[in-house]
Amino acid sequence: MFYVKVPDKKECSFNGGIKNINEGNLFYIPLVVGKDTNVTTLVKKGDFVSQGQKIANTKGDFKTNVISSITGEVLGFEEKTYLTNEKVRCVLIKKTEEDKTFEKTDKKISDMSKQDFLDKLKESGLVGLSGAAFPTYYKYSTEKQINTLIVNAVECESYITADQKILLTKIEEILEATDAILEIFDIPEAIIVIKSKNKKLKDAIEDFVGTYLKIRVEFVSDHYTMGYEKNIIKEVKNITYEKYPLEKGIVVNNVSTIYAIYEVLKLNKPLFERMITVTGDGIKEPTNFVVKTGMLFKDIVDQLSGYTSDNITIVAGGPMMGESISNDDLVMSPNLNNILVLKDFKQEEKTSCLRCGKCMSYCTAEISPVLIKDALEDVNKLKELRPDKCVECGLCSYICPAKIPIREYVREAKKEIGGS
Ligand code: SF4
Ligand code: SF4
């Protein structure tokens with residue numbers, strides 16, 4: 001396995017502080033969780049919904065809820081652009097009342113039973129906030145003894161700083177939630193993992209973590225794809241696994257997800273907002289801010305002083321894993337951690353495959369992207385090549401000297417064999 005040093009480019013959004021955004025009063029709550037649009041809608045036009053209310057739920061194996069981010073009236077249903085660059089059906093809600101206040105409970109989170117923890121997380125619509133939107137309660141729904149909780153704050157993609165901001169501004173809450181999870185599930189240790197070169201974060205965490213005897217901080221190198229959970233676990237525990245970390249008694253949560261767990265358990269606040277980074281040389285004021293599910297990017301752009309050029313490219317997500325978006329009618333969702341705006345971006349011209357094998361040597365999932373591309377017409381061969389293991393990190397496309405967008409072929413192959 002090889003890692004790659006990618007340009008950092010984090011300073012532009014990190015130095016911008018955390019901005020307050022005027023939210024407007026129309027919200028389009030996407031009826032989707034991750035890539036799962038198979039949901040039952042629980043509201044209809046004319047209904048009154050309150051902030052934090054569930055308005056839909058998924059039907060598949062990994063059940064979870066879609067939550068209203070505001071209190072108001074359902075005006076109907078409209079399609080908006082989702083982070084996959086596909087249109088998704090949204091519930092259009094007009095905000096009619098101010099936000100609720102979510103007060104801290106006096107109860108210690110750690111006094112909660114395992115079942116209460118799981119029920120609350122399930123009801124809150126909490127999903128992993130780093131991209132895949134896997135329901136968080138599911139990782140803890142196990143009879144197996146968990147022996148390590150890993151809090152992933154590596155954020156190895158260029159440009160993105162939302163996790164760093166959460167860690168710097170909410171460290172006490174993150175530690176409280178982490179410690180409570182250790183108590184509730186009788187887990188002996190938690191490891192917060194950050195990049196070794198990040199001195200600001202290192203100092204901020206170490207000032208607080210000393211009082212938590214079961215929590216420690218580990219540093220990993222500043223390479224892509226170090227934030228992928230298989231790589232973190234290998235690095236800090238020297239352990240490998242086949243499919244899920246839980247096979248080896250390990251649960252990994254992204255640091256923003258841990259903060260969201262705190263909000264669910266301590267404030268009784270379901271998941272309806274998150275920290276997001278908007279960055280790149282195509283936006284005048286790169287920054288981080290807290291955004292509610294259902295806002296549209298086009299309603300935010302002017303508040304960041306607008307675009308720097310008429311020729312911009314919008315990417316939902318980071319430069320490696322993100323998806324190019326055709327317009328700024330992009331709807332905010334819990335799994336959208338970054339919007340990258342690039343000016344005068346030119347796709348490098350591709351040539352024929354050089355058969356150099358680099359995409360195979362560097363592949364994070366240890367599969368063979370070029371062979372998968374070659375086998376696209378042969379489903380049986382494809383199944384053997386396991387494109388379903390691809391984590392869509394984009395490293396193969398990045399490393400390819402012929403500039404072939406090889407990840408897109410692997411994605412196509414995934415669909416071909418029935419993966420998502
Ligand atoms: S995008 Fe998929 S195929 Fe390409 S390097 Fe990442 S895991 Fe491997
Ligand atoms: S890295 Fe690019 S050029 Fe090299 S084998 Fe893979 S697809 Fe071909």
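Indexing begins at 1, ligand by ligand and atom by atom, following the structure's order.
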- Query: In the protein, which heavy atom is nearest to atom 7 (S) of ligand 1, and how far is it?
  - Reply: Val391 N, 3.5 Å

- Of all protein heavy atoms, the one nearest atom 6 (Fe) of ligand 1 is Cys393 SG, 2.3 Å

- Task: For Arg407, take its heavy atoms, then give the atoms of ligand 1 lying under 4.0 Å from any of them.
- Result: 1 (S)

- Task: Return the residue, atom name and 0.1 Å-rounded distance of the protein heavy atom closest to atom 1 (S) of ligand 1.
- Result: Gly394 N, 3.3 Å

- Task: Write out the residue and atom name of the closest protein heavy atom to atom 2 (Fe) of ligand 1, then the distance separating them to 0.1 Å.
- Result: Cys390 SG, 2.3 Å

- Electrostatic pair Arg407:Glu392 at N-O distance under 4.0 angstrom: no

- Message: Tell me whether atom 6 (Fe) of ligand 1 has Cys363 as a neighbour, meaning an N, O or S atom of it below 2.8 Å.
- Response: no

- At their closest point, which heavy atom of Lys95 faces which heavy atom of Gly24, and how far apart are they? CD-O, 4.3 Å

- Query: For atom 2 (Fe) of ligand 2, how many protein N, O or S atoms lie at less than 2.8 Å?
  - Reply: 1

- Give a yes-or-no answer on whether the side chains of Thr364 and Asn231 include a donor-acceptor pair shorter than 3.5 Å. no

- Message: Quick check: Phe185 with Phe117 (ring centres under 6.0 Å apart)?
- Response: yes

- Between Gln115 and Ser113, does any side-chain donor sit less than 3.5 Å from a side-chain acceptor? no

- Among protein heavy atoms, which sits nearest to atom 5 (S) of ligand 2, and what does the distance come to when rounded to 0.1 Å? Gly357 N, 3.2 Å

- For ligand 1, which atoms sit closer than 4.0 Å to a heavy atom of Ala365? 7 (S)

- Atom of Lys80, atom of Leu296 and distance for their closest heavy-atom approach: CD-CD2, 3.9 Å

- Note on the structure: Counting heavy atoms under 4.0 Å, the part of Glu392 that contacts ligand 1 is backbone

- Message: Going by side-chain contact (heavy atoms from CB on, under 4.5 Å), name the residues that satisfy it together with Ser368, two or more places apart in sequence or in a different chain.
- Response: Met360, Leu371

- Nearest heavy atoms of Lys284 and Ser305, plus distance in Å: CD-O, 3.0 Å

- Query: Are Phe272 and Phe102 close enough that their ring centers fall under 6.0 Å?
  - Reply: yes

- Message: Just by distance, no angles: are the side chains of Asp99 and Gln51 close enough, under 3.5 Å, to form a donor-acceptor pair?
- Response: yes

